[in-house]
Amino acid sequence: MKAVALIFGILIVLFILSTLTSEYIDDSSASITQQLEYMENSVREGKWREVRESMSMTKKEWEHVRDKWAMIIDHGDMENINLGFSRLKEYIDEPDPTQALAEISALKLLFE
């Protein structure tokens, strides 16, 4: 009987941890996606100073959550996100609205 109670307790703990982990990933990806949408609107309006500021904030938030995500998310997906941010930075530094919008769209898809 003790073994059944122990197994049941472990299952409950695992369920709670997986729920909390899922919520954390959903919340952090929603926050970054929201920032990407703001950046997308700024690119469309040609407000490159705002785009650069938004890029800096979004990149900092990604760096903050990246290490936590590394324990959970496929490393290939994380590498794609890192590459996307690198390409987006170049498209913003040398303003290229078409490429910047395409990269923002790709990053949004990766985070969703």
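For this chain, numbers begin at 1 and follow the sequence in order.
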Q) Do Val51 and Tyr91 sit in the same hydrophobic cluster, where Ile, Leu, Val, Met, Phe, Trp and Tyr count as joined when their side-chain heavy atoms come under 4.5 Å apart? A) no
Q) Ile10: what forms a side-chain contact (heavy atoms from CB on, under 4.5 Å) with it, not counting sequence neighbours? A) Leu6, Leu14
Q: Using the salt bridge (Lys or Arg N to Asp or Glu O under 4.0 Å) rule, collect all pairs that involve residues 103-112, keeping only residues at least two apart or in two chains.
A: Glu40-Lys108, Arg87-Glu103
Q: Could you state whether Tyr24 and Leu110 fall into the same hydrophobic cluster, counting links through intermediate Ile, Leu, Val, Met, Phe, Trp or Tyr residues with side-chain heavy atoms under 4.5 angstrom apart?
A: yes
Q.
Nearest 0.5 angstrom please: Glu61 CD to Ser29 OG, how far?
A. 10.0 Å
Per-pair distances, 0.1 Å, donor-acceptor, side chain in residues 71-81, under 3.5 Å, sequence neighbours excluded:
{"unit_1": "His75", "atom_1": "NE2", "unit_2": "Ala70", "atom_2": "O", "d": "3.3"}
{"unit_1": "Asn80", "atom_1": "ND2", "unit_2": "Gly76", "atom_2": "O", "d": "3.4"}

Q | Polar side-chain atom of Ser31 near backbone of Asp27 as donor-acceptor pair, under 3.5 Å | A | no
Q. Cut-off 3.5 Å, side chains only: do Gln35 and Ser54 have a donor facing an acceptor?
A. no
Q: Check side-chain hydrogen bond (donor to acceptor under 3.5 Å, both in side chains) between Lys47 and all other residues, then give those that pass, not counting sequence neighbours.
A: Glu45
Q) Phe111: what forms a ring pair (Phe, Tyr, Trp, His ring centres under 6.0 Å) with it, not counting sequence neighbours? A) Trp62, Trp69
Q: Can you run down the ring-ring contact (aromatic ring centres under 6.0 Å, His included) pairs that involve residues 29-51, sequence neighbours left out, and say none if there aren't any?
A: none
(Q) Once side-chain contact (heavy atoms from CB on, under 4.5 Å) is applied, do any residues pair with Glu53, and if so which ones, sequence neighbours excluded? (A) Arg49
Q.
Taking atom CD as the centre, does Glu63 end up with more than 12 heavy-atom neighbours from other residues, nucleotides or ligands that are less than 6.0 angstrom away?
A. yes
Q. Where is the tightest heavy-atom contact between Ser28 and Val65, given as atom of each residue plus distance?
A. CB-CG1, 3.9 Å
Q: Applying side-chain contact (heavy atoms from CB on, under 4.5 Å), name anything that partners Ser56, two or more places apart in sequence or on another chain.
A: Lys60
Q. side-chain contact (heavy atoms from CB on, under 4.5 Å) with Ile12: which residues, sequence neighbours excluded?
A. Phe8, Ile16
Q. What's the verdict on side chain to side chain contact (heavy atoms under 4.5 Å, CB included) for Asn82 and Arg66, showing C-alpha distance, side-chain angles and the deciding distance?
A. CA-CA 9 Å; Asn82 288 329; Arg66 179 179 57 198; 3.7 Å; yes
(Q) Quick test of your reading: applying salt bridge (Lys or Arg N to Asp or Glu O under 4.0 Å), list the pairs with at least one residue in residues 17-26, sequence neighbours left out, ordered by first then second residue. (A) none
Which pairs would a plain distance check flag for residues 92-101, meaning a side-chain donor or acceptor within less than 3.5 Å of a matching protein atom at least two apart in sequence or in another chain?
{"unit_1": "Asp93", "atom_1": "OD2", "unit_2": "Lys89", "atom_2": "NZ", "d": "2.7"}
{"unit_1": "Asp96", "atom_1": "OD1", "unit_2": "Thr98", "atom_2": "N", "d": "3.4"}
{"unit_1": "Asp96", "atom_1": "OD1", "unit_2": "Gln99", "atom_2": "N", "d": "3.3"}

Q: Look up atom CG in Leu109 and atom CG in Leu36, then write down how far apart they are to the nearest 0.5 Å.
A: 11.5 Å
Q: List for me each residue that meets salt bridge (Lys or Arg N to Asp or Glu O under 4.0 Å) alongside Arg52, sequence neighbours excluded, and say none if there are none.
A: none
**Q.** Same apolar cluster (I L V M F W Y, side chains within < 4.5 Å links), Ile32/Val43
**A.** yes
